[in-house]
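Here the structure is laid out as structure tokens; the discussion comes afterwards.
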Amino acid sequence: MIEVQSLRKQFGGRLVLRDLSFTLPDGRITALLGANGAGKTTCLRIVTGLLRADAGCVRVGGIDVARDPLAARRLLGVVGDREGLYERLSVREYLALFAQMQGLRGAQLSQSLEAVRAELELEDLWERRTLGFSQGERMKVSLARALVHRPRHLILDEPTRGLDVLAARLLRRTLLRLRDSGTSIVFSSHVMSEVLELADRVLVMAAGRLVGDDEPRALMAGCGCDNLEDTFVALAYGRAVDAARGEAL
Ligand SMILES: Nc1ncnc2c1ncn2[C@@H]1O[C@H](COP(=O)(O)OP(=O)(O)OP(=O)(O)O)[C@@H](O)[C@H]1O
């Protein structure tokens, strides 16, 4: 479980997160939606320990991320807003390095590498250096890095960006399987069809705070809409955002 409590963050006097709170239970996929600049990446960077909040707290599996980021990172698989590949390493070498940093050795290491290679169909890329990889190829490797140590929690910032149709489908199937085995998953997205297919629950952010938090169908019903896109537009660009913008810092 991931607990986010009263997060607050500002950049240069601009309040980007305003008392943001939510809980991500085990065995559930949560979609984090919001307009450009709503604060999704900032929130996810704080959850993964890459950025410090000005106030508030994040616990991953009971561990306070700000107090013990390394322990928290062992429980997390992360795809951030940048892929962060090492271009001189082959895919195999890169994934082995990260798996070793997560404590995997010997047979366990080999099995984990083999599993992720098969799961994300990385055979053709496996021995290639990542220098020059296409956007979709880079994303596949980044996803493999997030999965290789079988974390209990996955934090994915727009994980299907750049993926072709088959790769995106493969990823969705993988995420559903991981969810069913108890993994807690949160992903940000602007693709409503993908959200509907994957998400057990949808969080909608506007101007740094939550303006929607429910199962997809319940969220739609609450807004009187019959599709998720209209629901999102009503929540993310509706009165709630006007009110937030009008508030003093
Ligand atoms: N390091 C930073 N310095 C200054 N401003 C920042 C920084 N990081 C984010 N911001 C600002 O904070 C706001 C929220 O950004 P964030 O990247 O969290 O949005 P987002 O919801 O992920 O948007 P998108 O959908 O475009 O990816 C934006 O206005 C952005 O310009």
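Remember, it's 1-based here, ligands and their atoms both numbered in the order they're listed. Note that these values count all heavy atoms, side chains included, but never hydrogens, waters or copies made by symmetry.
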Do any side-chain atoms of residues 162-169 form donor-acceptor pairs under 3.5 angstrom with protein atoms, and if so which ones, sequence neighbours left out?
{"residue": "Asp164", "atom": "OD1", "partner": "Leu166", "partner atom": "N", "Å": "3.2"}
{"residue": "Asp164", "atom": "OD1", "partner": "Ala167", "partner atom": "N", "Å": "2.8"}

Under the criterion side-chain contact (heavy atoms from CB on, under 4.5 Å), I'd like the reasoning laid out for Leu219 against Glu215: C-alpha separation, chi angles, the key distance, then a yes or no.
CA-CA 6 Å; Leu219 207 59; Glu215 293 171 7; over 6 Å; no
Not counting sequence neighbours, which residues clear side chain to side chain contact (heavy atoms under 4.5 Å, CB included) with His149? List them please.
Gln102, Leu104, Pro151
May I ask you to check if Arg145 and Phe98 form a cation-pi contact, with NZ or CZ under 6.0 angstrom from the six-membered ring centre and within 45° of the axis?
yes
With a 4.0 Å heavy-atom cut-off, what residues sit around ligand 1?
Phe11, Arg14, Val16, Ala35, Asn36, Gly37, Ala38, Gly39, Lys40, Thr41, Thr42, Glu158, His190
The salt bridge (charged side-chain N to carboxylate O under 4.0 Å, His left out) partners of Glu127 (sequence neighbours excluded) come to Arg92
Do the charged groups of Arg138 and Glu87 touch, with an N to O distance under 4.0 Å?
yes
